[in-house]
Structure formats: structure tokens, C-alpha cells
Amino acid sequence: MDSSSPSGTPDHGGDDARAETERARRRVDLVDEAYFEATLQGEITYANRAWYALFGDDPSGLPADPLTTYFHPDCRDEFALYRDAALSSAKTLRQEFRVQH
């Protein structure tokens with residue numbers, strides 16, 4: 001079976017998506033603001049250099065603590081409400097939370 005695209009070239013959609021993700025992450029690594037990606041369960045799957053500098057985590061591996069442990073205790077319940085609203089809404093939501101480090 002041929003996995004070619006309509007143009008007759010091999011379809012490497014998964015490879016292209018991974019390459020684009022890596023290019024985007026390299027760009028995000030250059031910004032001075034902490035940036036992270038996390039699963040819906042709060043497991044951090046990516047953090048940029050500014051994140052590691054802010055929290056003092058070891059940049060050779062992903063932060064081991066769940067995302068909510070980085071928030072100030074007074075903001076954790078608010079974050080849970082924000083997360084639930086973001087997941088149930090088709091709108092882009094933006095919110096700031098205090099962190100502890």
C-alpha cells in the first residue's frame with residue numbers, strides 16, 4: 001500500500017508535525033517568560049529555559065512535581081476553576097496566577 005500524498009510524494013504528516021513542534025519549542029526557549037505545556041492531569045510535558053531559571057529545576061529532565069505545586073496555595077482552587085472553564089469553553093481564556101518558588 002502506498003502512503004503517498006496526492007502529489008505523489010510520501011506522506012510524513014507525523015514527522016512534519018513533530019519537526020514543527022521542535023521548531024516552535026526552540027523559539028519558545030528564547031523568550032524570557034516561563035512557558036510550559038501540561039496534560040489535563042497537570043503533568044508537565046515541556047518547560048522552557050525561563051521556567052527552569054525561575055523555579056531552579058534541573059533542566060536535564062522535566063519538572064517532577066505536578067503543575068499545581070508551583071502555584072501559590074491561595075491560587076490553587078482558582079486555577080482548578082479556570083482549568084474547568086477553559087476545558088468547557090470554545091473561547092481562549094487567559095489568566096495570571098501567583099507562583100511560589
Common cluster, Trp51/Tyr46, ILVMFWY with side-chain heavy-atom separation under 4.5 Å: no
For a 4.5 angstrom cut-off between non-hydrogen side-chain atoms, does Tyr70 reach Leu54? no
Flag the pair Phe71 / Asp77 as yes when at least one side-chain heavy-atom distance between them is below 4.5 Å, and no otherwise. no
Short question: side chain of Tyr35, backbone of Val28 - any donor-acceptor pair under 3.5 Å? no
Taking atom [atom1] of [X] as the centre, does the number of heavy atoms from other residues, nucleotides or ligands within less than 6.0 Å exceed 12?
X: Glu33; atom1: CD; answer: no
X: Arg83; atom1: CZ; answer: yes
X: Asp84; atom1: CG; answer: yes
X: Glu43; atom1: CD; answer: no

When rounded to the nearest 0.5 angstrom, what is the spacing between [atom1] in [X] and [atom2] in [Y]?
X: Glu78; Y: His72; atom1: CD; atom2: NE2; result: 12.0 Å
X: Leu67; Y: Glu37; atom1: CG; atom2: CD; result: 12.0 Å
X: Arg26; Y: Asp29; atom1: CZ; atom2: CG; result: 10.0 Å

Trace of the salt bridge (Lys or Arg N to Asp or Glu O under 4.0 Å) decision for Arg18 with Asp15: CA-CA 5 Å; Arg18 281 187 288 279; Asp15 292 340; 2.6 Å; yes
Phe97 and Tyr82: aromatic ring centres closer than 6.0 Å? yes
